[in-house]
Amino acid sequence: MRFLLERVGGLDLEMREKGVGLIFIISAPSGTGKTTLVKEVMDQLPGLQFSVSCTTRLPRPNEKDGEDYHFVSHSVFQKMVERNEFLEWAEVLGNHYGTPRPDLKKLESDGIDIILDIDTQGAKKAIKEIDLPILIYLLPPSLKVLRERLIDRGVDSLEMVKFRLSNARRDMEEAHWYHYVIVNDRIEVAIEKLKSIIIAERCRRSKSLILKENKKKWEEKDG
Ligand code: ADP
Ligand code: 5GP
């Protein structure tokens, strides 16, 4: 996994000075609370955009097409793959999921940072395609709690819950190469942690720009 760390580590200030939007990748076992957390944080922090993925999975009762996912057929998905329209795509839990390529130029001009909700396979592919994404892994407090959340969510059969749990064990082994790990125990705490990470990364982005502007001001005063 060393190459992953090399790829995502370091800080390219030059690029950040140009105002390229930050890309946050959030992964977690299904049912951990990623959707809930991201929605809350987006309500509370301005300048964030959620990247709406395409999926061949059927919508859940509370999900809206174009908002939670673009729900597409297998043949439409396949055509999008052939036309290279995805930044990454993967098969997760028997369905296909793909991230449309973000319009980085537009993000830059709009000053928007983007959040990608993708699984660990997708994250590995995405970091080869985009520069310096910030990787955040969300953990459930325990597998027991994850099971309860999946059951309480009320959209999966018991068999599917078992399947998701066995995948969760494997998925969590990938958490070590992410930059940040947040345990989603109390939601208010997890919200504060995710907001803090986003704010801190924004500060890192603007560091050299601020120093440059300050230097100019000092020089003007001295002159
Ligand atoms: P994911 O997007 O990771 O699959 P969801 O956001 O759909 O997960 O959350 C799964 C279930 O867990 C939902 O019913 C949600 O309300 C609940 N949930 C999310 N975060 C918490 C939390 N911190 N404490 C208790 N329940 C939570
Ligand atoms: P769910 O069906 O519960 O919404 O999502 C199942 C899994 O698919 C989650 O782990 C989620 O992160 C992942 N996922 C959602 N969108 C994408 C995507 O565009 N690409 C990849 N690789 N995974 C995704």
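Values in this document were obtained by computation on a predicted structure and should not be read as measured data. Keep in mind that the numbers below use all heavy atoms, side chains included, and drop hydrogens, waters and symmetry copies. Order of appearance sets the numbers: ligands from 1, and atoms from 1 within every ligand.
Other cluster members for Leu58: none, since no ILVMFWY side-chain heavy atom sits under 4.5 Å from it. Grouped with Ile210 in a hydrophobic cluster is no other residue, since no side-chain heavy-atom contact under 4.5 Å to another Ile, Leu, Val, Met, Phe, Trp or Tyr is found.
Aromatic pair Phe86/Phe77: centroids less than 6.0 angstrom apart.
Atom CZ of Arg57 has more than 12 neighbouring heavy atoms from other residues, nucleotides or ligands inside a 6.0 Å radius.
Near Ser30, meaning under 4.0 Å from any of its heavy atoms, are these atoms of ligand 1: 4 (O). Residue Asp185 has at least one heavy-atom neighbour below 4.0 Å for each of these atoms of ligand 1: 22 (C), 23 (N), 24 (N). Short contacts between ligand 1 and Ile187, defined as distances under 4.0 Å to a heavy atom of the residue, involve ligand atoms 20 (N), 23 (N).
Within the 4.0 Å heavy-atom cutoff, Gly31 counts among the residues contacting ligand 1. Heavy atoms of Ala28 come nearer than 4.0 angstrom to ligand 1 in no pair at all. Put simply, no part of Asp152 is less than 4.0 Å from ligand 1, judged by heavy atoms.
When non-hydrogen atoms are compared, ligand 1 lies under 4.0 Å from neither the backbone nor the side chain of Leu138.
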Practice prompt. Kindly indicate, with the supporting measurements, whether the criterion side chain to side chain contact (heavy atoms under 4.5 Å, CB included) is fulfilled by Ile197 and Ile182.
Written response: CA-CA 10 Å; Ile197 291 168; Ile182 301 175; 3.7 Å; yes

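The heavy atom nearest to atom 22 (C) of ligand 1, out of those in Arg60, Lys34, Arg149, Arg186, is found in Arg149.
Near ligand 2, residues Ala28, Ser30, Lys34, Ser53, Arg57, Arg60, Tyr69, Glu88, Ala90, Val92, Tyr97, Gly98, Thr99, Asp117, Ile118, Asp119, Gly122, Arg164 each place a heavy atom inside the 4.0 Å sphere around the ligand atoms.
Under a 4.0 Å N-O distance rule, the pair Asp113/Arg205 qualifies as a salt bridge. A salt bridge links Arg101 to Glu129: at least one charged side-chain nitrogen sits closer than 4.0 Å to a carboxylate oxygen. Look at Glu220 and Lys216 and you find no salt bridge, because none of the NZ, NE, NH1 or NH2 atoms lies under 4.0 Å from a carboxylate O. A salt bridge links Glu148 with Lys144: at least one charged nitrogen is closer than 4.0 Å to a carboxylate oxygen.
Sorted by first and then second residue, the pairs that involve residues 160-172 and meet salt bridge (Lys or Arg N to Asp or Glu O under 4.0 Å), not counting sequence neighbours, are Asp156-Arg164.
Of all protein heavy atoms, the one closest to atom 8 (O) of ligand 1 is Gly33 N, 3.1 Å. Residue, atom and distance of the protein heavy atom nearest to atom 20 (N) of ligand 1 are Asn184 ND2, 3.1 Å. For atom 2 (O) of ligand 1, the closest non-hydrogen atom of the protein is Thr35 OG1, 2.4 Å. Ranking protein heavy atoms by distance to atom 7 (O) of ligand 1, first place goes to Arg153 NH1, 2.9 Å. Looking only at heavy atoms of the protein, atom 6 (O) of ligand 1 is closest to Thr36 OG1, 2.5 Å.
Between the side chain of Ser27 and the main chain of Ile118, a donor-acceptor pair closer than 3.5 Å is present. A donor-acceptor distance shorter than 3.5 angstrom exists from the side chain of Gln121 to the backbone of Glu91, with no hydrogens or angles considered.
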